[in-house]
Amino acid sequence: MAKNQSRKPGRDVRGGTGKRGRSQVPKAGRGGNAGGKAYRDRNARKAGAGTKQAPPRKHGRPGTSHGLIEGRRACAEALDAHVPLRRALVATTVGERDRALEELVVRLEGVGVPVEYVSRDRLDGRSSHGAHQGIMLETEPFAYATLDEVIAAAGEGDALVLLLDHVTDEGNFGAIVRTAEVVGAAGVIVANARAARVGTAAYKTSAGAVLHLPIAQVPNLAAAAEQLKEAGFWLGAATEHAHDDVWHAPLDGRICLVMGSEGSGVSALMRKRCDFECRLPQRGRVESLNVAQATTAVCYEWLRRTMAKSEAVE
């Protein structure tokens with residue numbers, strides 16, 4: 001599809017003059033092109049091949065920073081989630097052996113993480129809550145993608161991009177990234193302020209998917225939405241205020257799915273920029289699904305239609 005090819009003033013080629021209708025978009029395979037591959041290769045190098053950790057990087061990309069994980073359980077969970085680690089700071093012990101700490105050190109050394117022994121006072125000085133339990137881990141800065149890289153990963157045909165309108169819970173964020181990777185989305189876009197970032201919880205709930213999917217941080221979601229439209233994407237907001245449910249909304253083809261924050265949903269500003277809206281039908285008494293669960297349901301409706309179209313062509 002050529003850029004903006006189907007976006008002509010006064011006419012909606014999705015099937016009518018309103019926001020709802022159908023699209024016909026060329027078929028494309030999963031994964032897009034070299035833009036997504038370059039992102040995956042870069043983060044794979046940071047995580048290390050197999051169980052080995054990559055060597056420390058001196059500089060991160062703009063918008064990234066070194067994180068600090070403290071406490072034995074949190075450090076063990078970071079290892080389990082394959083969080084890219086820069087180094088470990090371990091308190092020197094005097095007298096009796098600390099077997100639990102020694103086991104953690106063995107695990108760290110086993111995956112190539114440099115271990116530096118320091119005084120407990122030094123750890124106390126860096127601790128945010130004084131409960132480091134003799135160990136801290138410095139994480140590598142996460143390499144966020146650019147919006148251009150996400151668009152490049154989408155290729156030219158059917159594609160899915162998720163735009164998160166200030167989702168703040170890191171666990172929800174990680175779960176959304178996991179869903180996006182599983183259904184074959186081209187990438188996820190988040191705001192660089194007042195939004196969840198890639199941290200330990202996101203690594204854990206995404207099951208490592210943050211290392212395999214382009215995640216772009218942008219200063220202005222509205223501007224990002226307009227750039228996606230220029231690249232041929234139709235913006236659809238998942239909101240309880242929608243007229244159409246997901247089964248009757250135009251959730252096929254080249255879609256940017258907008259998911260709102262845990263508290264207020266999709267903002268009024270972003271809803272105005274969307275081409276259509278959809279909601280999840282429900283019969284139960286609970287108010288609604290959380291944003292991560294809702295994202296999974298909507299993404300799988302997009303995947304169902306995309307696969308059905310592909311099978312029909314074959």
key: Charged N-O contact under 4.0 Å between Asp98 and Arg72   = yes
task = Report the C-alpha separation of Val83 and Leu137 in whole Å, then their side-chain angles, then the decisive distance to 0.1 Å, and conclude whether the side-chain contact (heavy atoms from CB on, under 4.5 Å) test is met.
result = CA-CA 10 Å; Val83 177; Leu137 302 179; over 6 Å; no
request  = Walk me through it: do Leu85 and Glu140 pass the test side-chain contact (heavy atoms from CB on, under 4.5 Å)?
outcome  = CA-CA 5 Å; Leu85 302 174; Glu140 284 282 6; over 6 Å; no
Has the side chain of [X] got a donor or acceptor atom that lies under 3.5 Å from a matching backbone atom of [Y]?
| X | Y | answer |
| --- | --- | --- |
| Arg254 | Ala231 | yes |
| Thr205 | Ala201 | yes |
| Glu181 | Arg178 | no |
| Asp165 | Ser267 | yes |
| Tyr144 | Val198 | yes |

What side-chain donor-acceptor pairs closer than 3.5 Å can you find for residues 189-196, not counting sequence neighbours?
| residue | atom | partner | partner atom | Å |
| --- | --- | --- | --- | --- |
| Arg194 | NH2 | His166 | NE2 | 3.4 |

Residues in side chain to side chain contact (heavy atoms under 4.5 Å, CB included) contact with [X], at least two apart in sequence or another chain:
| X | answer |
| --- | --- |
| Arg304 | Glu301 |
| Ala223 | Asn220 |
| Ala74 | Ile69 |
| Arg279 | Ala242, Asp245, Pro281 |

query = Which residue pairs pass the salt bridge (Lys or Arg N to Asp or Glu O under 4.0 Å) test when at least one of the two sits in residues 258-268, sequence neighbours left out?
reply = none
ask   = Which salt bridge (Lys or Arg N to Asp or Glu O under 4.0 Å) pairs, counting each pair once, include a residue from residues 201-210, with sequence neighbours left out?
value = Glu77-Lys204
side-chain hydrogen bond (donor to acceptor under 3.5 Å, both in side chains) involving [X] - partner list, sequence neighbours excluded:
| X | value |
| --- | --- |
| Asp169 | none |
| Ser261 | Ser264 |
| Asp124 | His132 |

Please name the pair of heavy atoms, one in [X] and one in [Y], separated by the smallest distance, quoted to 0.1 Å.
| X | Y | result |
| --- | --- | --- |
| Gln293 | Asn290 | N-OD1, 2.8 Å |
| Trp302 | Asp252 | CD1-CA, 4.1 Å |
| Ala202 | Val210 | O-CG1, 4.2 Å |

task = Using salt bridge (charged side-chain N to carboxylate O under 4.0 Å, His left out) as the criterion, list what pairs up with Glu116, not counting sequence neighbours.
result = Arg87, Arg122
inquiry  = Among residues at least two apart in sequence or on other chains, which ones pass salt bridge (charged side-chain N to carboxylate O under 4.0 Å, His left out) with Asp80?
reply    = Arg107
key: Leu269 with Leu162, same ILVMFWY side-chain cluster at under 4.5 Å   = no
message = What I want to check is whether the side chains of Thr239 and Glu277 have a donor and an acceptor closer together than 3.5 Å.
response = no
inquiry  = Which residue in the set Leu251, Asp158, Ile255, Leu160 passes side chain to side chain contact (heavy atoms under 4.5 Å, CB included) when paired with Thr306?
reply    = Asp158
